[in-house]
Amino acid sequence: MAQLELLSPVHIGDGERLTGFDFVREGPYLKVYFFDRVIQVVEREPRNLRENILISIKTQSTAGSSFLESLFKDYPHLKNKIEPVYTVRINGKLQSLQIESFIKSVYKPYIPGSEIKGAIRHLFLVGVLMENKEIRKELIEVLQKGHIKDAEEILEKNVFYPRNAQKRNAQQDLFKAFVVSDSEPIDPSHLQIEVPELVGSNEKIYPCEALKEGTVVNFREYIDQKILPHFSKFGSYRFLDYIKPENFYKKLKEFSQKFYGDLLDEEIRFFKEKGKHQTVLHLENIKKRLNDGILLRLGKHEGYLSTTVMLLVKREDPQLFEKVFRQTQSKVRNEVNKTRRITQDGKTFGWALLKV
């Protein structure tokens, strides 16, 4: 059994949004009912009343005031017939009636095993890239030639696949031996509505449900030692020894201290320049925890060819960093990589400490 201690709010979306049909605002709190549950109550109302309510639902949009607030105001007896699934605190001034929802199972949030494994895989990759000059040089040469779309595949093949691999085959991937379960269900009391600010941009972003800083999440993980011997039939791997149980977590902690130590320094410099002293203190406190476990990033944040991997490229070729960053972003900004998402109380998103 392993644990994740969240060092900042974490949002992992399910691709859906809560709307004014799903919740009611009461002061600093949001009561979430979910529209389908409300409809079940409406369906049991007398026919004339039910038809009036259904007509109003069909003609209502999500713009303006919350439909559910209006419904309970017009028909207060309905509110007495249904309890909210959960109630969460709103951190900030909630103006939007659309909120990015956290992934849940039976109304309880959880962190998917794929999310945790992906974060560990990413740390493993950038850690290897930091310590291996040969692979770093090859990546830079590919980027210099303008083959940006090929860079991620080449990098992955060098780290996770046998030396002679012509293309990526899931059966040959070293991380096939690393098994991670979904987390245990988390009580919704650990959720909070965050109203983020996008530092460095005037672009509006949606509020989101996020697990609070300090939440502890349990899950299962292990190296499947039955699979390890089978890798030898695929050829020679550069980093097969790293995936062995006696080495794996030591390497991850080493990678975490080196890479995230540097990344946190970059983030602290950024927020100092922006005058965000509360965020600077928040990040400095996270950096103090580097020795307590394995630092990870979860949820919405960087991909391979943005801040994380490109942080390594930036030091050796700043102009190449700028060129690649502009080509991998959907919107070209005057300043490269100058936006960050923070909460109303100055916290960044996605930091978690893995304890095995």
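These values consider heavy atoms only, across backbone and side chains, with no hydrogens, waters or symmetry-generated copies. Quick note: residue numbers are just sequence positions, from 1.
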Checking [X] side chain against [Y] main chain: does a donor-acceptor pair fall under 3.5 Å?
| X | Y | result |
| --- | --- | --- |
| Asp22 | Phe35 | yes |
| Lys104 | Phe102 | yes |
| Glu221 | Val179 | no |
| Ser8 | Glu213 | no |
| Glu100 | Tyr206 | no |
| Thr19 | Gln98 | no |
| Asp262 | Phe259 | no |
| Arg37 | Tyr33 | yes |
| Gln278 | Asp345 | yes |
| Ser256 | Leu290 | no |

Run the side chain to side chain donor-acceptor pair (under 3.5 Å) check on Glu194 and Gln192 step by step: do they pass? CA-CA 6 Å; Glu194 299 290 354; Gln192 182 164 283; 3.1 Å; yes
Looking just at side-chain N and O atoms, do [X] and [Y] make a donor-acceptor pair shorter than 3.5 Å?
| X | Y | result |
| --- | --- | --- |
| Gln257 | Asn291 | yes |
| Tyr161 | Asn169 | no |
| His282 | Thr348 | yes |

With ring pair (Phe, Tyr, Trp, His ring centres under 6.0 Å) as the test, would you mind laying out the steps for Phe248 and Tyr222 before giving the verdict? CA-CA 10 Å; Phe248 186 58; Tyr222 61 94; over 10 Å; no
Salt bridge between [X] and [Y], side-chain N to carboxylate O under 4.0 Å?
| X | Y | value |
| --- | --- | --- |
| Asp173 | Lys176 | no |
| Glu131 | Lys251 | yes |
| Lys137 | Glu134 | no |
| Glu45 | Lys81 | yes |
| Arg340 | Glu197 | no |
| Asp182 | Arg220 | no |

Do [X] and [Y] land in one hydrophobic cluster if side-chain heavy atoms of ILVMFWY residues count as linked below 4.5 Å?
| X | Y | answer |
| --- | --- | --- |
| Phe21 | Val41 | yes |
| Val356 | Ile223 | yes |
| Ile227 | Phe178 | yes |

Hey, mind stepping through Glu284 and Lys287 against salt bridge (Lys or Arg N to Asp or Glu O under 4.0 Å) and telling me if it holds? CA-CA 5 Å; Glu284 287 174 343; Lys287 190 175 179 183; over 6 Å; no
Could you please spell out the steps behind the salt bridge (Lys or Arg N to Asp or Glu O under 4.0 Å) verdict for Lys79 and Glu26? CA-CA 13 Å; Lys79 192 174 181 180; Glu26 291 187 5; 2.7 Å; yes
Go through the steps for Phe124 and Phe175 under the test ring pair (Phe, Tyr, Trp, His ring centres under 6.0 Å), then give the verdict. CA-CA 10 Å; Phe124 188 92; Phe175 260 54; 5.3 Å; yes
List the steps, then state whether side chain to side chain donor-acceptor pair (under 3.5 Å) holds for Tyr249 with Glu254. CA-CA 8 Å; Tyr249 296 103; Glu254 177 187 323; over 6 Å; no
Decide if atom OH of Tyr107 counts as having more than 12 heavy atoms of other residues, nucleotides or ligands within a radius under 6.0 Å. yes
